[in-house]
Amino acid sequence: SISASEHIIRDLRHRVRESFPCSGDVLMNLVDALAVGPRIGSPFELVVSPLWGYEGSSLYTALRRGAEEESVSRLRRARIEWLRDWDEQVRENDPRLGPWRVRVLDATNYNRPKAETVPRRYVHGVDGMKPGHGLSVLSERVASGSWHVPLEMALIPVTCSPTEFGAQQVVQFVEDYGWNPDELLLVDAAYTNAPTLRPLKQQGVNLLGRVSARRVFFLPPPAYSGKGRPRVRGRKIKLSDARTLPEPEASEHVPTEDGRCFDVACWRDVRMRLWPEQPLVLYRIIESRANGTRRYTRPLWLIYVGDSAAPRLDHAQALYPSRFGVEHSLRFEKGDLGLVCGQFFGPGAEPRVQVWIELVATALWWLWALRLLAQAEDLPWPRWWRSRRLTPGTVRQVALALLFKLGPDLLIPNGAESPQGDLKGCAWTPDPATQSFGSEPLALPHNAKELHGPSDQQKSSRSLIICAEVCPK
C-alpha cells in the first residue's frame with residue numbers, strides 16, 4: 001500500500017539523516033539533489049538542482065565535515081540495517097536464482113587525470129589505462145536489471161591490487177555484519193585464485209566465480225597405497241582439452257522461453273594446484289541458440305566453494321549472468337549520479353572522495369526506495385514508457401514527483417534558505433497551460449506550476465516545478 005511504502009521510505013531517510021555526525025541536513029539535501037538531477041560535471045553543479053536549499057559554499061563545507069571514517073561507516077551500517085529490517089517488503093526475488101541472495105564483488109575505475117597532489121595509479125577502464133583511483137564495490141542484487149545497491153564502495157590503496165583488497169574488504173564486511181547461508185558472492189575470473197578464495201572460505205562466504213578456459217585443475221588424490229609419500233593431487237584436468245575431462249557427475253538441459261537452451265554439467269570434487277586440500281564444484285555451461293548452433297565457441301566455466309550446498313545446475317546457469325547487472329548499475333552511477341565527478345585536491349582529498357562516493361551510492365538506495373512508491377501508486381505514465389519497467393533511470397525521472405508525494409515538509413530541512421522560496425504551506429493547482437503528464441515525457445510533468453523564488457542574490461532565474469497531482473492541495 002501507499003502508506004506502508006511511505007513508512008519504509010521515511011524510515012530509510014531518517015536512518016541516513018541520523019547517521020551523519022554533523023551537517024546532516026545539508027548532506028541529506030545533497031542526496032536528494034543527486035537523486036533528482038540534473039546530471040552534473042562537478043559537485044558544485046548540484047546547487048542548480050530544484051531541491052538544493054543552501055548556499056553553494058555549504059556543499060563543500062558539509063563534505064569536508066563529513067569526510068571522516070566514522071561518517072562513512074555509520075552511513076553504510078544505516079543502509080544495511082534498513083535493508084535487513086525491510087528485506088521481505090523491498091526485495092524482488094527471482095525464482096530462477098533459487099533460494100540464493102546474490103552479492104557481487106567487482107572493481108571499477110575512478111579517473112583522476114589532473115590530481116597531481118593525490119596518490120594515484122593507472123587503473124583499467126573502458127577507455128584504457130588512465131591515472132586515477134580504483135574502487136572496490138561490494139553490491140547486492142535487490143531486483144532485476146541494474147538494481148544492484150552498493151553495500152560498500154571503497155578506494156583501493158595504490159599499494160594494493162583490486163583482488164587482494166577485495167578479499168580483505170569482504171572479510172571485514174563478514175566480521176562486521178556476518179554472512180548468512182543463503183547469501184552467495186559472485187566474482188569474475190580475477191578473484192578465483194587460491195590466495196583470494198582461501199580467506200573468504202575461512203569466513204564462511206559462499207562464492208561462485210568464473211574461471212578461465214585455460215585453467216588447470218586436479219581430481220582428488222587416490223587412496224594411499226601404503227608406500228612412499230601420499231599423493232596430494234590426482235589426475236590433471238585441462239579445461240581447454242576435453243580429452244582430460246572425466247565424465248560429469250551430473251548434467252541437465254535447461255531451455256528458456258526465447259528458444260535458447262543451456263547444457264550444464266558439473267564435477268563435484270576438483271582441486272586447485274595451490275589449494276589441493278579444498279574440494280571445489282566445477283560447472284560447465286554451454287549456451288545454444290534457438291536453431292541449435294552454439295552461441296560461443298568456448299563454454300563458460302564456473303567454480304563454487306562454500307559451506308552451503310552447491311547451487312543446482314539450473315540455478316547455477318542463471319546465477320552468474322545476474323552479476324552483469326552491477327556493470328549497468330555502475331554505468332548509471334557514473335553517468336547520471338556523478339560518481340566520478342568528485343575531483344577533490346589537496347590535503348584530505350581522499351577522505352572527501354570516499355564520502356562523496358558513499359553519498360552517490362546512497363542516492364541509488366534512495367531511488368530504489370522511491371521505486372516502492374512508484375509501484376504502489378497508480379500514476380498516469382507517459383506514452384513513451386511502454387516497457388513499464390522501473391529502471392533506475394525511469395525512477396530518477398519521476399523522483400521529484402514521488403518526493404513531493406511524500407510531502408514538501410520532508411524536503412525542506414530546518415534552517416534551509418531555499419532559493420525557490422518557502423515551499424511550506426504552499427498550495428498548487430493545475431495549470432491549464434501545461435500539457436498532460438500522461439501524454440508527454442516526464443521532463444515536463446503535467447498539471448505543474450512554476451514557483452519562482454524571491455531570492456535576488458542567488459539563482460533568481462531558476463524555477464521549481466511542482467507536480468500538482470502527486471502533491472495534493
Side-chain angles (χ1 to χ4, degrees), residues 12 15-16 19-21 27 31 34 66-85 87 90-91 101-110 123 133-142 146-158 160-180 183-188 190-191 196 199-200 203-207 209 323 325-334 337 339-340 342 350-369 392:
L12 174 62
R15 298 192 190 206
V16 170
S19 68
F20 300 122
L27 294 176
V31 173
L34 284 171
E68 300 177 0
E69 185 176 353
E70 180 185 0
S71 301
V72 173
S73 60
R74 290 180 56 172
L75 178 57
R76 291 170 176 170
R77 182 171 293 275
R79 298 186 312 224
I80 294 174
E81 290 179 351
W82 175 84
L83 175 59
R84 289 184 172 179
D85 291 343
D87 184 79
V90 300
R91 185 182 298 273
R101 296 170 56 189
V102 172
R103 289 174 176 171
V104 180
L105 177 64
D106 202 359
T108 188
N109 61 308
Y110 191 114
V123 185
H133 303 302
L135 295 182
S136 183
V137 183
L138 177 61
S139 62
E140 181 158 351
R141 180 192 182 275
V142 292
S146 54
W147 286 110
H148 285 244
V149 294
L151 302 176
E152 290 186 2
M153 300 182 73
L155 288 174
I156 302 174
V158 295
C160 194
S161 67
T163 54
E164 178 185 358
F165 181 82
Q168 298 173 2
Q169 180 184 19
V170 176
V171 168
Q172 185 62 48
F173 179 87
V174 176
E175 293 178 355
D176 294 339
Y177 305 103
W179 195 274
N180 296 325
E183 293 171 344
L184 182 67
L185 182 66
L186 301 180
V187 297
D188 201 8
Y191 296 89
T196 304
L200 299 178
Q203 291 292 330
V205 176
N206 303 313
L207 184 142
R323 189 191 76 86
V326 75
E327 305 290 346
H328 301 286
S329 176
L330 290 172
R331 188 180 302 115
F332 175 77
E333 292 174 74
K334 290 182 179 181
L337 301 183
L339 176 63
V340 297
E350 290 189 38
R352 292 201 297 275
V353 171
Q354 181 64 69
V355 73
W356 171 258
I357 62 179
E358 287 296 340
L359 291 172
V360 172
T362 305
L364 184 59
W365 281 73
W366 190 222
L367 290 175
W368 176 46

### Message
If only side-chain N and O atoms count, and only distance matters, is there a donor-acceptor pair under 3.5 Å linking Ser329 with Glu333?
### Response
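On atom types as modelled, these side chains qualify, holding a pair under 3.5 Å.
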### Task
Using only heavy-atom distances, determine whether the side chains of Arg77 and Ser19 contain a donor-acceptor pair under 3.5 Å.
no
State, to 0.1 Å, how close [X] and [Y] come at their nearest heavy-atom pair, and which atoms those are.
| X | Y | answer |
| --- | --- | --- |
| Glu140 | Leu83 | OE1-CD2, 3.8 Å |
| Ala167 | Leu200 | O-CD2, 3.8 Å |
| Val137 | Gln169 | N-OE1, 4.4 Å |
| Leu105 | Ser136 | CD1-OG, 3.8 Å |
| Leu12 | Trp365 | CD2-O, 3.9 Å |
| Val170 | Val205 | CG1-CG2, 4.1 Å |

Determine yes or no for a side-chain-to-main-chain donor-acceptor pair under 3.5 angstrom, with [X] supplying the side chain and [Y] the backbone.
| X | Y | result |
| --- | --- | --- |
| Gln354 | Leu155 | yes |
| Thr362 | Glu358 | yes |
| Tyr110 | Gly342 | yes |
| Arg76 | Met153 | yes |

### Residue pair Asp85, Arg15: steps toward the side chain to side chain contact (heavy atoms under 4.5 Å, CB included) verdict
CA-CA 12 Å; Asp85 291 343; Arg15 298 192 190 206; 2.6 Å; yes
From [X] atom [atom1] to [Y] atom [atom2], the distance as rounded to the nearest 0.5 Å:
| X | Y | atom1 | atom2 | result |
| --- | --- | --- | --- | --- |
| Leu135 | Leu330 | CG | CG | 8.5 Å |
| Ile357 | Glu152 | CD1 | CD | 10.5 Å |
| Leu34 | Trp366 | CG | CH2 | 13.0 Å |
| Leu138 | Leu151 | CG | CG | 5.0 Å |
| Leu337 | Leu367 | CG | CG | 6.5 Å |

### Query
Do Asp87 and Arg101 come close enough that some side-chain heavy atom pair is under 4.5 Å?
yes
### Query
Would you call Phe332 and Leu364 a side-chain contact if the rule is heavy atoms closer than 4.5 Å?
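A side-chain contact under 4.5 Å exists here.
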### Message
Restricting to side-chain contact (heavy atoms from CB on, under 4.5 Å), what partner residues turn up for Val102, sequence neighbours left out?
### Response
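Once residues adjacent in sequence are excluded, the partners of Val102 under the side-chain contact (heavy atoms from CB on, under 4.5 Å) criterion are Leu97, Val104, Arg141, Leu186, Leu319, Ser322.
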### Message
One thing to verify: whether Glu68 and Arg74 come together as a salt bridge, which I'm taking to mean a side-chain N less than 4.0 angstrom from a carboxylate O.
### Response
no
### Task
Check side chain to side chain donor-acceptor pair (under 3.5 Å) between Glu350 and all other residues, then give those that pass, not counting sequence neighbours.
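Checked Glu350 against side chain to side chain donor-acceptor pair (under 3.5 Å); zero matches.
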### Val90 vs Val142, side chain to side chain contact (heavy atoms under 4.5 Å, CB included): CA-CA, chis, key distance, verdict
CA-CA 8 Å; Val90 300; Val142 292; over 6 Å; no
### Message
My understanding is that only residues two or more places apart in sequence, or in another chain, count here; which of them pass ring-ring contact (aromatic ring centres under 6.0 Å, His included) with Phe20?
### Response
none
### Query
Tyr191 and Leu185: side chain to side chain contact (heavy atoms under 4.5 Å, CB included), yes or no, with the steps?
CA-CA 11 Å; Tyr191 296 89; Leu185 182 66; over 6 Å; no
### Message
Would you say CD of Glu175 has more than 12 non-hydrogen atoms from neighbouring residues, nucleotides or ligands within 6.0 angstrom?
### Response
yes
